[in-house]
Amino acid sequence: MKPISELRSVNQGIRKKDYKALVTGQGVYTQDLAPKDCLVVKLLRSPHASAWIESIDVTRARKVPGIECVLTWEDVPHIRFTQAGQSYPEPSPYDRYILDRQLRYVGDPVAIVAGETEDAVEKALKLIRVKYEVQEPLLDFRKALDNPHVIHPEDDWKMNFDQGNAVERNLISHEESSDGDVEAVLADCDVVVDETYYTPSDNQTPMETFRACAYMDTYGRLNLLPATQIPFHVRRIIATALGIPKSQVRVVKPRIGGGFGAKQTVEAEPYPAIVTWLTGKPSMIVYTREEAMSCGCPRHEMQIHVRVGGDRDGHIRAIAMETLSNGGAYGDHSTTTMGLSGHKAISLYGKLDAYSFSASSVYTNTQAAGAYRGFGATQGIHAVESAVDELCHKLNLDPAKVREQNLVRQGQVVPSYFGETMTSCTLDQCLLRVKEMIHWDEKYPRQVLPNGHIRSVGMAMSMQGSAISGIDVGGATMKVNDEGFVNLLIGAADMGTGCDTTLAQIAAECLEIPVDQVVTAQVDTDTSPYDSGSYASSTAFLTGGAVLKCAQQLIEKIKAEAARQKGWEESDLDYHDGLVEHLPTGTTVTLGEVGYASEMGGIPMVSTATNTCPNSPPPFMVGAAEIDLDPETGKVTLVDYAAVVDCGTPLNPNLARVQTEGGIVQGIGMALTETVRYEPNGRLIESNFLQYKIPARTDICPIRVEFAPSYEPQGPFGAKSIGEVVINTPCPAIANALQNACGVRIREMPITAEKVWKALHQK
């Protein structure tokens, strides 16, 4: 590959391909593409967290003028499926029906109503009469294991393979891993921190709520236009739920208004799909904000017990973690999320003598948890990075120096990260640069201001992964046309991250043509190459690798076609700058000439490649927060945030910086304001933006982002991922800054003024 200094398109801050459409309001979303005569689809939802339907009367509802159908559990297929968008065989349990008699959380669907107008549907919803057998809900995940109230007593619950599950115990899954004798090492340490940390559920809150449109085409196939990150998984899941062949389902992904993991779950798609399949008429569902927040798939609530042992010189020798995760009413992403809470937190420390990790995920009568940026690592890193700071306080050592002494480095084999070797890592450089940016040595641990406020700084490290190793797949197809422009077809879903642009940059770099000559298109499962989807920090690394392979194959075809045209030997040809050069004579053939000749009966100028990887090279990050604490009220105000990221080679530094800033803002919200809570009857408390406080621009301090590039040999042009690693540092960094300010440690997020004030007065 070319040296970074010679790159023309990659590592350049090129504007997003769709920037004009976005800034002028011309972006095309689900509702823009939907047929005009779509039936309006809405759901009658359970008012109870745990109940059985004794009887349901929809007679009056079906008589409302304009109503097309009212569906209950008796009218839909009884096929268990999972809504989690993961590669087959999914590690998530098949524990759902489209509609079920047993209702497991407030908001669980009871009936589907479809009609010509919203008014008609709303009227019909009010006329449905349901008699419920109400049960006492199980809401506390700490009491779920072996509770007499079993959330899933059905006989047809199934898992594709053993994950330590015991559904009769409300245990979705369980895992354990270790290296060395952690108990012996902890017993030999000079100091051990033994604490429990709690992170509540929090909501992804993309601006576009869940929505999907369905219609039948002229061939009698079911077509879907969903707001999704996972078009190919949607096809499989809908076919499974409806009991129809996948060949009868086509999924086209329009632009989506943010996902952050929420749209890795098939939330809305089953309902218009079944309506259209049964009626033959186009239909569409659009979740309200309240539905999106109370019937969606927020982050997993977790309680994490951490023990960290170290010696007086600051050597961290052992880490033991036990994670308990709340999966909610359905298992969806629980099996995969809980494991990453340990593997991507413990692995930040490369000099351990031993580690142990165990995790369990359980069912409760709350909405099912799902994928949210960070995917379990966020919770685990908060716990470990908080515990490490507590260890530093006990040892009276500078937390930055202790981290520098113990952090994982390039070339190390990390047992807790599945035994992988760190093939690229500049975490040490990230830490040193963040110290400079935040002026750590001058500001640590704290400064008391003339007004009595306290300024302090806190730090945290983070790592994630680059795709799911050995399982997920990226795909790319490229075609040369006359005039030399190139179509790039991908199956990865751009959800605002700009992957349509960054992947085009890789293609342009390989073909040595301008990025504007690479045309991208929306994902269509009929024509796009298979791709697992945009999740698990996979697109740049995995799909980018597929684009690289595809371009290299295409260049060979381009040379072969030029040789055919001119009667040259292929061995005499070189490709550069969008030209094929005959080296003996210096004669060149343009990409446009090759494309035109191909269309006139030459060698087809089309190439397809897939890419998977046996490893998942982690990106790294260090973040540092400066806070202002008012000890009189307990209010914590963020003053400054500095971050340095190792994402390998940034494919597009401008987009990478925006991704980092956005992730940090989400992490700040998780640290200071955001939480998902339930009333005793299981009803969600924070179900709108008046109650659920996400940070606004006026709430955010300066966020300064830099990069410490490494070169990942398995990634395209040395690139790794960046999408998730960026959300993981704010919670522990802000909590650590608070302890540096006043000695108070808040172990239960979010850090509110009330909690701080109480802790100060108790102290």
Side-chain angles (χ1 to χ4, degrees), residues 175-182 185-186 189 304 306-310 314-323 336-359 374-385 387-388 391 402-431 460-471 536-537 541 613-622 645-648 708 710-715 720-722 724-725 728-729 732:
E175 74 163 86
E176 296 181 4
S177 67
S178 62
D179 183 68
D181 190 337
V182 75
V185 175
L186 285 171
C189 288
I304 302 177
V306 183
R307 290 179 292 160
V308 177
H315 175 204
I316 298 175
R317 298 180 55 197
I319 299 177
M321 286 182 71
E322 299 171 43
T323 295
T336 44
T337 304
M338 67 176 194
L340 301 189
S341 67
H343 296 300
K344 294 183 179 177
I346 298 170
S347 305
L348 285 164
Y349 293 91
K351 294 185 177 181
L352 299 178
D353 297 329
Y355 88 91
S356 68
F357 171 61
S358 67
F375 204 73
T378 311
Q379 299 94 307
I381 286 170
H382 167 63
V384 168
E385 286 297 270
V388 166
L391 181 75
V402 170
R403 285 184 171 85
E404 185 181 355
Q405 179 182 341
N406 290 279
L407 56 77
V408 66
R409 295 176 185 268
Q410 186 164 310
Q412 287 184 325
V413 177
V414 183
S416 56
Y417 194 65
F418 314 106
E420 289 192 20
T421 301
M422 298 297 101
T423 49
S424 59
C425 176
T426 58
L427 183 59
D428 54 341
Q429 297 177 33
C430 293
L431 188 146
M461 304 190 302
S462 169
M463 65 180 283
Q464 199 73 38
S466 298
I468 301 175
S469 56
I471 296 177
S537 299
F541 178 78
C613 189
N615 308 108
S616 180
F620 297 92
M621 175 177 169
V622 177
V645 185
D646 163 21
C647 59
S710 62
Y711 189 90
E712 174 48 54
Q714 300 172 94
K720 297 187 288 190
S721 72
I722 195 170
E724 294 181 277
V725 69
N728 296 333
T729 60

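Along the sequence shown, residues are numbered consecutively beginning with 1.
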Find out whether [X] and [Y] are in side-chain contact, i.e. whether some heavy atom of one side chain is under 4.5 Å from a heavy atom of the other.
| X | Y | result |
| --- | --- | --- |
| Asn615 | Thr423 | no |
| Leu352 | Asp179 | no |
| Val402 | Asn406 | yes |
| Met621 | Gln464 | no |
| Ser416 | Phe357 | no |
| Glu175 | His343 | yes |
| Pro619 | Ser466 | yes |
| Tyr349 | Val388 | yes |

Quick one: closest heavy-atom pair of [X] and [Y], and the distance?
| X | Y | value |
| --- | --- | --- |
| His382 | Pro732 | ND1-N, 3.5 Å |
| Gly309 | Leu186 | N-CD2, 3.6 Å |
| Glu724 | Gly374 | OE2-N, 3.1 Å |
| Ser424 | Gln410 | CA-OE1, 3.3 Å |
| Val306 | Ala387 | CG1-CB, 3.8 Å |
| Ile346 | Ser356 | CD1-O, 4.0 Å |

Is there a donor-acceptor contact under 3.5 Å from the side chain of [X] to the main chain of [Y]?
| X | Y | result |
| --- | --- | --- |
| Ser616 | Ala467 | yes |
| Asn728 | Ser462 | no |
| Lys720 | Pro618 | yes |
| His315 | Lys351 | yes |
| Ser721 | Gly465 | yes |

Nearest 0.5 Å please: distance from the [atom1] atom of [X] over to the [atom2] atom of [Y].
| X | Y | atom1 | atom2 | value |
| --- | --- | --- | --- | --- |
| Lys344 | Thr378 | NZ | OG1 | 10.0 Å |
| Cys613 | Ile471 | SG | CD1 | 12.5 Å |
| Leu348 | Tyr417 | CG | OH | 11.0 Å |
| Glu322 | Ser358 | CD | OG | 4.5 Å |
| Leu427 | Glu404 | CG | CD | 10.5 Å |
| Ser177 | Tyr355 | OG | OH | 3.0 Å |

Q) Yes or no on side-chain contact (heavy atoms from CB on, under 4.5 Å) for Phe541 and Gln714, after CA distance, side-chain angles and deciding distance? A) CA-CA 8 Å; Phe541 178 78; Gln714 300 172 94; 4.0 Å; yes
Q: Could I get the full list of side-chain hydrogen bond (donor to acceptor under 3.5 Å, both in side chains) partners for Glu420, not counting sequence neighbours?
A: none
Q. Cut-off 3.5 Å, side chains only: do Asp646 and Gln429 have a donor facing an acceptor?
A. no
Q | Test item: side-chain donor near acceptor, Ser341 and Gln379, under 3.5 Å | A | no
(Q) Set out, in order, the CA-CA distance, both residues' side-chain angles and the distance that settles side-chain contact (heavy atoms from CB on, under 4.5 Å) for Val645 and Ile722, then state yes or no. (A) CA-CA 8 Å; Val645 185; Ile722 195 170; 4.2 Å; yes
Q: Might you work through the side-chain contact (heavy atoms from CB on, under 4.5 Å) test for Ile381 and Thr729, ending with a clear yes or no?
A: CA-CA 8 Å; Ile381 286 170; Thr729 60; 5.7 Å; no
Q.
Apply side-chain contact (heavy atoms from CB on, under 4.5 Å) to residues Val408 and Phe620 and explain how you reach the verdict.
A. CA-CA 10 Å; Val408 66; Phe620 297 92; 3.7 Å; yes
